[in-house]
Amino acid sequence: MEFVIVWTMVELLFALILIVALGFVSAVFFEAYRRKNNHAHVEAPAIFEDPKSLKQVRCPSIFDPAEKYISLIVPAFNEELRLPGALEETMNYLQQRATKDKSFSYEVVIVDDGSVDETKRVAFEFVKKYSVDNVRVILLGKNHGKGEAIRKGMLHSRGELLLMMDADGATKVKDAEKLENQIHAAAKEEFKFGDSPASNSSFRISDIPIAAFGSRAHLEEKALATRKWYRNFLMKGFHLVVLLAAGPGVRDTQCGFKMFTRAAARKLFTNIRLNRWCFDVELVYLCKWFRIRMIEISVNWSEIPGSKVNLLSIPNMLWELVLMSVGYRTGMWQIHS
């Protein structure tokens, strides 16, 4: 009798596990299918407004020819406290470069990802101070996620080079030169300037698909020694899942400091579907798909209070990685060239 009861309980447990597993798999496939067209624009239109004249400014497209040398895309969600310092430092750096080099042109595109604080006001103060030609603001209306904010900014930027950077200033903007120099070096190596038709006067760096990833991997040993054991465990686990989802190639996918040529950004940001933290991993996957050269470069990085990432973000990251793997590997997420 006891054996029958135990066996029945085992059967019930097995059935429950099977139901949960089937439910999870069904949910994954349903959500992956639902997102198959998620690379389209969000409903919020990109409109630039000159705060002095209150006139709307023409909105550029990533498919237009470049009009600036570099665009800096800054996603911001409730960043009224951290944004001013980071932007002031960024603008000072850009203006100094423009003063030294008259051919250097730039723009900063701030994407307000549905903030409920004074982020919008802070952003428009910088537009008023530096003009709508140099600083622009996109309002998403509601929170969509960091990935969507960066995508929106990338798709409406004018630069030959496009740099995404966090609003907290954790990585100093001067480190952009490290990524920039490596992209130029890679382009020269790939096209052998002076020995090919690419050396003619019409050639631009924006035509070469290259991605440069800022990396904190060189700081990992120190971080392992100072962080709690469970955070190290989660970090190692996340790295393993990333390796399984996107494959090797980039040690630090999550650093918010990445630079793309216009040609690379056009391919990548018209295809990404993940809206939140794991869009970085999807960028690596897409770079491999398009055979876009990836360069990982060590950058200086410092912990800034007020991070939006916490332990509750981990399950969402894992969920998005599973969706990405299923979406691409089943062919539900088609890649458009």
Side-chain angles (χ1 to χ4, degrees), residues 42 44-49 51 70-95 106-132 134-157 159 162-176 214 216 252-259 269 272 274-280 283 299-314 316-317 320:
V42 298
I47 297 173
F48 297 113
E49 185 178 88
I70 190 169
S71 296
L72 284 72
I73 291 83
V74 184
F77 175 62
N78 293 343
E79 292 288 1
E80 66 170 311
L81 298 180
R82 301 193 297 181
L83 187 61
L87 280 181
E88 202 63 67
E89 180 179 336
T90 297
M91 296 307 299
N92 288 339
Y93 165 78
L94 293 171
Q95 287 189 310
Y106 67 88
E107 68 172 348
V108 176
V109 180
I110 307 162
V111 187
D112 183 351
D113 188 22
S115 300
V116 295
D117 62 357
E118 294 298 311
T119 297
K120 174 182 174 180
R121 178 187 58 78
V122 170
F124 274 106
E125 284 177 358
F126 278 85
V127 182
K128 292 177 182 178
K129 184 176 180 179
Y130 294 100
S131 86
V132 72
N134 291 324
V135 182
R136 297 183 166 188
V137 180
I138 297 177
L139 305 174
L140 293 190
K142 64 179 183 179
N143 181 250
H144 291 274
K146 182 180 177 181
E148 183 59 53
I150 289 175
R151 174 170 63 175
K152 195 75 169 180
M154 289 280 178
L155 294 180
H156 296 295
S157 294
L162 297 95
L163 173 72
M164 54 174 269
M165 58 181 293
D166 291 336
D168 59 5
T171 303
K172 300 303 180 185
V173 65
K174 195 175 188 306
D175 274 0
R216 303 158 300 179
D252 181 11
T253 59
Q254 301 309 112
C255 180
F257 201 75
K258 298 179 177 68
M259 183 179 287
F269 289 95
I272 64 168
L274 299 182
N275 294 338
R276 299 193 178 274
W277 303 113
C278 283
F279 80 97
D280 304 82
L283 287 174
V299 295
N300 296 305
W301 185 85
S302 54
E303 186 81 43
I304 305 295
S307 172
K308 304 291 191 305
V309 182
N310 53 51
L311 291 178
L312 296 177
S313 303
I314 300 296
N316 182 61
M317 290 180 176
E320 289 205 325

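For Asp117 (side chain) and Glu80 (main-chain N/O), a donor-acceptor pair under 3.5 Å exists by modelled atom type. The backbone N or O of Gly147 sits nowhere less than 3.5 Å from a side-chain atom of Asn275 that would complete a donor-acceptor pair. Put simply, the side chain of Asp175 gets close to the backbone of Asn300: a donor and an acceptor are under 3.5 Å apart. Proximity of a side-chain donor or acceptor of Asp166 to a complementary backbone N or O of Asp168 within less than 3.5 Å is not detected.
Here the NZ-SG distance, from Lys146 to Cys278, works out to 11.0 Å after rounding to the nearest 0.5 Å. If you take CE on Met154 and CE on Met164, they are separated by 6.5 Å, rounding to the nearest 0.5 Å. Atom CG of residue Leu87 and atom CZ of residue Arg82 lie 12.5 Å apart, to the nearest 0.5 angstrom. Taking NE2 of His156 as the start and CZ of Arg136 as the end, the distance is 11.5 Å to the nearest 0.5 Å. Distance OG1/Thr119 to CG/Asp112: 5.5 Å, rounded to 0.5 Å. Expressed to the nearest 0.5 Å, how far CD of Glu320 lies from CG of Asp280 amounts to 10.0 Å.
Contact record, Ser71 with Gly159: OG-N, 2.8 Å, taken as the closest heavy-atom pair. Across all non-hydrogen atoms, the minimal contact from Glu79 to Ala167 is CG-CB, 3.8 Å. Closest approach of Gly114 and Leu140 over heavy atoms only: N-CB, 4.5 Å. Residue Cys255 comes nearest to Thr171 through the heavy atom pair SG-OG1, 4.4 Å, listed as atom of the first residue, atom of the second, then distance. The heavy-atom pair separating Phe257 from Val299 by the smallest distance is CD2-CG1, 4.2 Å. Across Tyr106 and Asn134, no two heavy atoms sit closer than the pair O-OD1, 3.5 Å.
Side-chain contact between Gln95 and Tyr130 is present, with heavy atoms from C-beta onward closer than 4.5 Å. The shortest side-chain heavy-atom distance between Pro75 and Asp113 does not fall under the 4.5 Å cut-off. For the pair Ile110 and Val135, the minimum side-chain heavy-atom distance is below 4.5 Å.
Ionic pairing of Lys152 and Glu148 is not present here: no N-O contact between side-chain nitrogen and carboxylate oxygen is shorter than 4.0 angstrom. Comment: Lys129 engages Glu88 in a salt bridge, judged by a side-chain N to carboxylate O separation of less than 4.0 angstrom.
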Next item on the list: Decide side-chain contact (heavy atoms from CB on, under 4.5 Å) for Met91 and Val108; before the verdict, give the C-alpha distance in whole Å, the side-chain angles of both, and the deciding distance to 0.1 Å.
Entry: CA-CA 8 Å; Met91 296 307 299; Val108 176; 3.7 Å; yes
Next item on the list: Run the numbers on Val137 and Lys120 for side-chain contact (heavy atoms from CB on, under 4.5 Å), then give the verdict.
Entry: CA-CA 8 Å; Val137 180; Lys120 174 182 174 180; 5.7 Å; no
